[in-house]
Structures are given as C-alpha cells and as structure tokens.
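One structure is given here, and the rest of the page talks about it.
Each chain gets a letter, A, B and so on, in the order its sequence line appears, and its residues count up from 1. Just so it is clear, the values below take in all heavy atoms, side chains as well, and ignore hydrogens, waters and symmetry mates. All values reported here derive from a predicted model rather than from experimental measurement.
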Protein chains: 2
Amino acid sequence: MTPVHSSSPADVPQLGLRERKKIKTRTAIRDATYALIEEQGYEATTVEQIAERAEVSPSTVFRYFPTKEDIVLTDEYDSVMQDELRARPADEPWMESVRHILHRALDVSEADHEITRLRAHLMIQVPAVRARMMESMSVTGRLLAEVIAERAGRDADDLEVRVQTMSLIGGLTEVYQYWAENGMRDDLHGLTDRALHVLEHGLPPKKP
Amino acid sequence: MTPVHSSSPADVPQLGLRERKKIKTRTAIRDATYALIEEQGYEATTVEQIAERAEVSPSTVFRYFPTKEDIVLTDEYDSVMQDELRARPADEPWMESVRHILHRALDVSEADHEITRLRAHLMIQVPAVRARMMESMSVTGRLLAEVIAERAGRDADDLEVRVQTMSLIGGLTEVYQYWAENGMRDDLHGLTDRALHVLEHGLPPKKP
DNA sequence: TAGCTTTTGAGAGCTACTCTCATTTTATGG
DNA sequence: CCATAAAATGAGAGTAGCTCTCAAAAGCTA
C-alpha cells in the first residue's frame with residue numbers, strides 16, 4: 001500500500017552494471033521528484049525540472065515512469081502483500097488475515113512516514129493523484145480477490161468475490177482519506193480497526 | 001448514476017434567451033462528442049473536432065466542461081438521487097432505501113441505454129475515463145453519506161459512516177465494471193441485488 | 001578489440017488545458 | 001428604440017504532459 005523508495009545501494013551486488021544503473025536512475029528520479037514537490041508543490045514541479053535535478057533527459061523520465069503521477073505513487077509492494085496473505089494459515093477467516101497484513105503494511109509505511117504523509121497530502125490536494133491512487137488501489141484489489149477467492153472456495157472472477165473485495169478497498173481508501181483530511185493526527189492502526197469492524201458488522205447505531 | 005443528456009428542447013420555456021442558448025450549446029457539445037467517439041473512439045477524438053462539429057470554438061468547449069472526460073461523464077442526477085433517498089420513509093432500514101433508489105436509477109439509465117453502454121465501454125477501455133468516473137462516484141458517496149448519517153443518527157463526517165458509504169460505492173462500481181467486462185449481457189438489476197446481498201451479509205460460502 | 005544489444009539524449013510533434021483581449025450578443029433602463 | 005452595461009464567444013498565444021524517431025553512447029560477449 002505504501003512503498004519504500006530509498007533502496008540501500010548495497011543490497012544488489014550480483015546484478016550487472018546495466019541493472020544497477022537502472023535502479024540508480026529510477027531512485028534518482030523519484031528522489032528528485034519528492035524533493036521538488038516538497039519545495040514547490042506538485043503542479044509547480046515540471047518533468048523538465050525533475051529530469052534536470054536527476055541529471056537525465058526528460059525522455060528518460062518518461063521511459064521509467066509512464067506518467068508524472070506514477071513517479072510519486074508506484075509501489076512494488078502489491079505482490080509482497082499478496083504473498084504475506086497467502087502465508088497466513090489457510091483456515092483463518094480471511095477477514096482476520098486481511099487485518100493482519102494491513103497492520104503489517106502500516107508498520108512498514110511508518111518507516112517511510114515522510115512519504116506516507118506526502119502522499120496523503122497529495123491525495124487530498126491533487127485530483128490527478130487521487131484518481132491515480134484509486135486506480136492502483138483497484139489493482140491491489142484484483143490481487144486481494146484471488147486470495148479471498150481461494151479462502152472462500154470460489155472463483156476470483158465471481159461477482160460476489162469482486163464486490164466484497166472492492167468494497168473492502170473502498171472502505172480502506174476512505175480511512176486513508178479521512179486520516180489525511182484530519183491532519184494525519186489519528187493513529188492509522190486504530191482507524192483501520194474501526195473500519196474493519198464496520199465492514200464486518202455493519203454500522204453500529206448512534207454514538208455521538 | 002447514469003445521466004440523461006438529451007433534454008427535450010421545450011421543457012424550459014420561461015428561461016431567458018441567454019440560458020436557453022447555454023443549454024443548447026451544452027447539449028450540442030455533448031452530442032458531438034458522443035457521435036465522434038462512436039465513429040472514431042475516445043482517444044482519436046480531439047477537442048478541436050468536437051468544437052468543429054458542435055459549431056463552437058475550442059475555447060467554448062473548455063468553458064463548458066473542465067476536461068474532456070467530463071463531457072462524457074457529468075451527471076446532473078446526484079442531487080436527484082439524494083432527494084429520492086430522503087423521500088423514503090425515515091424508519092426504513094437505509095440499506096433498503098438504497099436498494100430502492102438503485103433500482104430506480106437503473107430504470108432511468110435504461111431509457112438512455114446507448115449512453116450507459118458507451119460509458120461502460122469507455123470505462124474498461126480508457127483509464128482516464130475510469131479514473132474520472134471513480135472520482136465522480138466518490139462525490140456521489142459524499143451525498144449518500146449525509147443521508148445514511150441521518151438514518152443512523154450519526155454525523156456524516158464520522159469515520160464509520162464514511163467507510164460504510166465508500167465501501168458501498170466501491171462494491172457498486174465493481175458491479176458496473178463486471179457488467180461491462182462481461183459484454184453487458186447480464187441484467188444489472190440482478191447483479192445489483194447480488195451485490196447488495198454480499199454487502200449486507202458477507203460472502204456466502206462455496207457455490208461454483 | 002570487434003561486434004551486438006540496450007540505454008540514452010536530442011528534438012520534433014501532438015493535444016489537453018489556461019489565459020488574455022477584442023468582438024459579438026443579450027439584457028436593461030430611460 | 002436606443003444607449004449602455006453585462007455576459008458569452010472567438011482568436012490566438014502559451015504551457016506542459018506525453019509520444020515517437022533516430023542517432024550516439026554505454027554495457028555486454030567472444
């Protein structure tokens with residue numbers, strides 16, 4: 001859900017020079033982007049500026065990332081989440097498994113909490129980013145659906161499975177949005193638990 | 001959810017000439033857009049072409065619609081739905097109310113089923129359109145939240161209310177997507193009922 | 001070192017979208 | 001009915017995201 005971008009430069013030793021350079025360029029572009037956005041904001045930052053600071057040509061930027069939004073938003077963590085979900089005991093209720101990996105994902109994102117916050121900020125400020133984020137959430141949803149389908153003994157293309165999954169994604173996206181709108185003060189773990197409770201048992205009556 | 005664009009030209013008599021012309025221009029742009037998209041596809045259709053066929057200048061097109069996607073997607077029906085939802089008996093369980101207005105909305109969209117299908121098609125073909133549609137769904141969600149909050153005796157800004165609402169929206173969006181992907185053969189009413197059942201009672205076990 | 005493949009940069013081109021300013025069109029008040 | 005204000009339009013210039021092509025540079029293989 002929330003990614004890591006700053007890869008330690010030493011953890012890929014056996015790769016060829018070509019591959020290593022690619023990774024370097026990729027992170028250079030991302031870092032340049034994050035820096036510029038914090039200085040000037042998202043819209044004010046042009047791809048040309050990004051290219052300049054990353055010391056590559058604009059063409060190269062687009063070779064690495066299809067759109068400007070993707071520079072900020074791409075995770076490589078979807079499949080990791082999927083694997084972790086699969087690693088949970090097969091007889092565990094899937095909602096319980098989801099709860100587990102969500103909290104794990106939150107732990108990871110806390111390590112990168114600068115970026116988590118920047119993204120949250122962009123999400124409520126920049127419509128294009130929000131839209132792109134929803135896109136990527138629905139991709140995550142597809143992966144989730146496969147695992148949920150396994151557990152439920154159903155097909156991943158099942159309407160029921162897909163609806164269940166995307167309703168989950170929708171609810172969780174709203175948690176993030178809520179958190180961002182309220183100044184990122186609340187504890188995301190707590191909010192997530194409240195959300196999962198609603199999704200499992202429906203709206204509890206009254207309270208305020 | 002799905003809008004009407006072709007407004008009968010006679011149902012706005014007491015409006016000034018100015019207002020009438022505006023409406024005419026608006027629908028001219030929309031009709032031109034729909035026609036061109038069916039002839040050439042979405043991407044191949046430029047705003048310049050749209051302007052030409054609608055007999056206005058490109059500037060005017062952008063004065064009426066902020067983005068190209070909006071020409072295809074803007075509904076004026078959100079507030080109508082909200083009103084209808086409010087008109088339901090106050091003691092009716094809100095899920096039941098939602099079911100009612102969804103089926104009503106589907107009836108309306110059947111009247112315009114050309115456009116409903118075109119949109120569904122664009123939704124699975126054009127990422128930008130899909131993204132924009134999700135945006136507009138989440139706006140609908142905000143309106144829904146207000147009514148659901150009333151019924152549940154809660155605040156519309158409540159995390160619980162917002163999560164419930166957006167999970168509903170997420171699930172329903174997936175119904176539309178499912179329908180589009182499967183050649184728009186199924187009955188949307190039936191699919192919607194199945195979705196609502198999942199959202200209310202969770203994933204039923206096994207079946208295929 | 002030679003020859004092959006991959007990556008990069010330069011640059012041209014398209015289109016969505018914005019802004020400004022002059023011109024036309026509609027509304028209004030005397 | 002005309003003069004004047006207000007609103008809508010068109011023309012045009014400009015920005016930026018994004019695509020494509022082609023030739024030069026860099027890494028790989030023998």
Side-chain angles (χ1 to χ4, degrees), chain A residues 12-30 32-33 36-37 39-74 122 125-133 135, chain B residues 12-30 32-33 36-37 39-74 122 125-133 135:
Chain A
V12 271
Q14 75 293 11
L15 258 47
L17 178 54
R18 227 169 231 172
E19 304 302 314
R20 269 177 287 155
K21 264 206 161 161
K22 276 215 253 186
I23 294 176
K24 245 171 148 178
T25 308
R26 212 180 161 77
T27 67
I29 294 173
R30 252 202 289 244
T33 307
L36 283 165
I37 288 180
E39 289 170 21
Q40 322 172 333
Y42 181 83
E43 330 249 40
T45 300
T46 77
V47 173
E48 217 168 338
Q49 294 174 329
I50 293 171
E52 194 177 351
R53 183 163 306 196
E55 298 185 282
V56 294
S57 76
S59 331
T60 302
V61 173
F62 286 113
R63 230 175 247 123
Y64 279 79
F65 299 93
T67 73
K68 188 173 141 191
E69 295 106 58
D70 280 284
I71 308 179
V72 184
L73 291 179
T74 29
L122 293 177
Q125 296 279 334
V126 186
V129 171
R130 183 168 51 244
R132 192 68 196 66
M133 191 176 288
E135 268 290 301
Chain B
V12 270
Q14 74 292 10
L15 257 46
L17 176 54
R18 226 167 234 174
E19 306 302 315
R20 268 176 290 156
K21 265 206 162 163
K22 276 214 254 186
I23 293 175
K24 246 174 153 175
T25 308
R26 209 181 163 75
T27 68
I29 293 172
R30 253 202 289 247
T33 306
L36 284 166
I37 288 180
E39 289 170 21
Q40 322 173 333
Y42 181 83
E43 330 249 42
T45 301
T46 75
V47 173
E48 216 167 339
Q49 292 174 330
I50 294 171
E52 193 177 354
R53 183 164 305 195
E55 298 184 284
V56 295
S57 76
S59 331
T60 302
V61 174
F62 285 113
R63 230 175 246 123
Y64 279 78
F65 299 94
T67 73
K68 190 173 139 189
E69 294 107 57
D70 280 285
I71 307 178
V72 184
L73 292 179
T74 28
L122 293 177
Q125 297 277 336
V126 186
V129 172
R130 183 168 50 246
R132 192 68 196 70
M133 191 176 286
E135 268 288 303

What I'd like to find out is whether the side chain of [X] reaches to under 4.5 Å of the side chain of [Y], using heavy atoms alone.
{"X": "B:Glu135", "Y": "B:Arg132", "value": "yes"}
{"X": "A:Leu122", "Y": "A:Glu69", "value": "no"}
{"X": "B:Arg20", "Y": "B:Ile23", "value": "no"}
{"X": "B:Ile71", "Y": "B:Val61", "value": "yes"}

Checklist entry - Rounded to the nearest 0.5 Å, how far apart are CG of B:Leu73 and CZ of B:Arg130? => result 12.0 Å

Item to check | Verdict with supporting geometry, A:Val72 and A:Tyr42, side chain to side chain contact (heavy atoms under 4.5 Å, CB included) | outcome: CA-CA 10 Å; A:Val72 184; A:Tyr42 181 83; 4.1 Å; yes

Between [atom2] on [N] and [atom1] on [X], what's the gap in Å once rounded to a whole number?
{"X": "A:Tyr64", "N": "D:dC18", "atom1": "OH", "atom2": "P", "result": "18 Å"}
{"X": "A:Lys68", "N": "D:dG17", "atom1": "NZ", "atom2": "P", "result": "5 Å"}
{"X": "B:Arg20", "N": "D:dA8", "atom1": "CZ", "atom2": "C1'", "result": "16 Å"}
{"X": "B:Glu43", "N": "D:dG17", "atom1": "CD", "atom2": "P", "result": "19 Å"}

Checklist entry - What residue pairs, at least two apart or across chains, pass salt bridge (charged side-chain N to carboxylate O under 4.0 Å, His left out) with a residue in residues 42-52 of chain B? => result none

Between the protein and nucleotides 19-25 of chain D, are there any N/O to N/O pairs under 3.5 Å, and if so, what are the atom names and distances?
none

Checklist entry - Does a sphere of radius 6.0 Å around CD in B:Glu55 hold more than 12 heavy atoms from other residues, nucleotides or ligands, not counting ones at 6.0 Å or beyond? => result no

Checklist entry - Can you list the residues that meet the side chain to side chain donor-acceptor pair (under 3.5 Å) rule with A:Thr25, with sequence neighbours excluded? => result none

Next on the checklist: Applying side chain to side chain donor-acceptor pair (under 3.5 Å), can you list everything that pairs with A:Arg26, at least two apart in sequence or on another chain?
Outcome noted: none

Checklist outcome for this item: Nt span of DNA chain C in reach of chain A heavy atoms at under 4.0 Å, 5' end first, is C:dT5 to C:dG11

Item to check | Short side-chain N/O contact from A:Thr45 to OP1 or OP2 of D:dA16, under 4.0 Å | outcome: no

Checklist entry - Hey, mind stepping through A:Thr74 and A:Arg30 against side chain to side chain contact (heavy atoms under 4.5 Å, CB included) and telling me if it holds? => result CA-CA 10 Å; A:Thr74 29; A:Arg30 252 202 289 244; 3.4 Å; yes

Check nucleotides 26-29 of chain D against the protein and report each pair of N or O atoms closer than 3.5 Å, with its distance, or say if there are none.
| from | atom 1 | to | atom 2 | distance (Å) |
| --- | --- | --- | --- | --- |
| D:dG27 | OP1 | A:Lys21 | NZ | 2.9 |
| D:dG27 | N3 | A:Arg18 | NH2 | 3.0 |
| D:dC28 | OP1 | A:Leu17 | N | 3.1 |
| D:dC28 | OP1 | A:Arg18 | N | 3.2 |

